[in-house]
There are 2 protein chains.
Amino acid sequence: MPERLDDTDLLFKALADPSRRKLLDLLHAHDGQTLNDLCEHLDMTRQGVTQHLGVLEAAGLVTVVWRGREKLHFLNPVPLQEIYERWIAKFEKRRLKALSDLKKRLEKSND
Amino acid sequence: MPERLDDTDLLFKALADPSRRKLLDLLHAHDGQTLNDLCEHLDMTRQGVTQHLGVLEAAGLVTVVWRGREKLHFLNPVPLQEIYERWIAKFEKRRLKALSDLKKRLEKSND
DNA sequence: TTGACATGCAAGCTTGTTATTGCATATAAA
DNA sequence: TTTATATGCAATAACAAGCTTGCATGTCAA
């Protein structure tokens, strides 16, 4: 049976591939591109790109709107914000504390 | 031949596994734990945990110090900060702009 | 209504990842 | 110096990921 993946896993796995990160950059540069637009910048078949976009969609990083026979892709940065809060800000506090402890130690050693 | 991975790739791939994220949380809760300490919280063999820690080390997220026959593990949050700057702050600006555009549109529609 | 275009769906190949088992080595403790 | 502890290294098996090829479908334009 296929393993059930939670949202965090979908998100980090989506980001763990250079082609997908490139797609995010492409959409950041110009939102609302069609599949064909995006394909022109990646060195793989259209079907490969489709699969990557599917992963980004499943992770909630990309939203799709159909216009006739064209599929327009839009970036959704909200999940990135969630990563920040859960996985960066939390660990950042520790880093800042370490710096401040170091500072205190240095000041103390100057006594 | 094995594909050469850049730093960003090592970092995101390191984060793309729930066991490794759990290890980061464990070290965040209590830094400097030995391999055996960490093993007690994961449902896999010691060797499995060793391999995960190797991935975290390669990504620069964990640093190791030997004390006799014990291996102590320390968290390094600096690479997370780099992710923030390159992959979150950048996209966050777009999100804030979208919100501000929405606000302007709403204000306009109230005229 | 025909042909070109934009895309979907699915099978299959190749490679990478995760975890295991088995054995080896170095350090500490009895 | 023997035994237990903490760990490393390597081969392998099971599974997942990435990409391709081939064909199908819906939409637009002449």
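Chain naming here is simple, since letters A, B, ... match the order of the sequence lines and numbering starts at 1 in each.
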Practice problem: Quickly work out the B:Lys13 NZ to C:dT18 P distance and round it to whole Å. | Solution: 10 Å
Exercise. May I have the distance from B:Leu15 (atom CG) to C:dT18 (atom P), rounded to whole angstrom?
Key: 12 Å
Quiz item: Looking at A:His52, does any N or O in its side chain come under 4.0 Å of the phosphate oxygens OP1/OP2 on D:dA17?
Solution: no
Practice problem: Look at the side chain of A:Asn76 and the backbone N and O of A:Gly60, then say whether any donor-acceptor pair between them is shorter than 3.5 Å. | Solution: yes
Exercise. Quickly work out the B:Trp66 CH2 to C:dT25 P distance and round it to whole Å.
Key: 15 Å
Exercise. Respond yes when some side-chain nitrogen or oxygen of B:Lys71 is under 4.0 Å from OP1 or OP2 of D:dG8, and no when none is.
Key: yes
Quiz item: Is the B:Phe12 to A:Phe12 ring centre distance short of 6.0 Å?
Solution: no
Practice problem: In whole angstrom, give the distance that lies between atom CG of B:Leu42 and atom C1' of C:dT20. | Solution: 15 Å
Exercise. Report the residue (A:Val55 or A:Gly68) whose heavy-atom-nearest nucleotide on DNA chain D is the more 5′ of the two.
Key: A:Val55
Quiz item: Given D:dG18, D:dT20, C:dT7, which nucleotide is nearest the side-chain atoms of A:Met44?
Solution: D:dT20
Exercise. Check ring-ring contact (aromatic ring centres under 6.0 Å, His included) between B:His41 and all other residues, then give those that pass, not counting sequence neighbours.
Key: none
Practice problem: Indicate whether OP1 or OP2 belonging to D:dC19 is found under 4.0 Å from a side-chain N or O atom of A:Thr45. | Solution: no
Quiz prompt | Spacing between B:Gln47 atom CD and D:dT7 atom C1', to the nearest angstrom | solution = 9 Å
Practice problem: Considering just the side-chain nitrogens and oxygens of A:Asn36, establish if one lies under 4.0 Å of OP1 or OP2 belonging to C:dT7. | Solution: yes
Practice problem: In whole angstrom, give the distance that lies between atom CG of B:Leu53 and atom P of D:dC9. | Solution: 13 Å
Exercise. Remember a base hit wins even if backbone is also touched, and classify B:Gly48 as base, sugar-phosphate or nothing at under 4.0 Å, heavy atoms.
Key: base
Exercise. Could you tell me the separation between the CZ atom of A:Arg67 and the C1' atom of D:dC28, rounded to a whole number of Å?
Key: 13 Å
Quiz item: With respect to the side chain of A:Arg69, which nucleotide from D:dT20, C:dT18, D:dC28 is positioned closest?
Solution: D:dC28
Practice problem: Starting from P on C:dC5, measure out to CG on A:Leu35 and report it in whole angstrom. | Solution: 16 Å
Self-check item: ILVMFWY network linking B:Leu53 to B:Met44, side-chain heavy atoms under 4.5 angstrom
Solution: yes
Quiz item: Transitively linked via ILVMFWY side-chain contacts under 4.5 Å: B:Val55 with B:Leu35?
Solution: no
Practice problem: Between A:Asp17 and B:Asp37, just flag the one whose closest nucleotide in DNA chain D comes earlier from the 5' side. | Solution: B:Asp37
Quiz prompt | Selected nucleotide, minimal atom distance to A:Thr50 side chain, candidates C:dG8, D:dG8, D:dC19 | solution = C:dG8
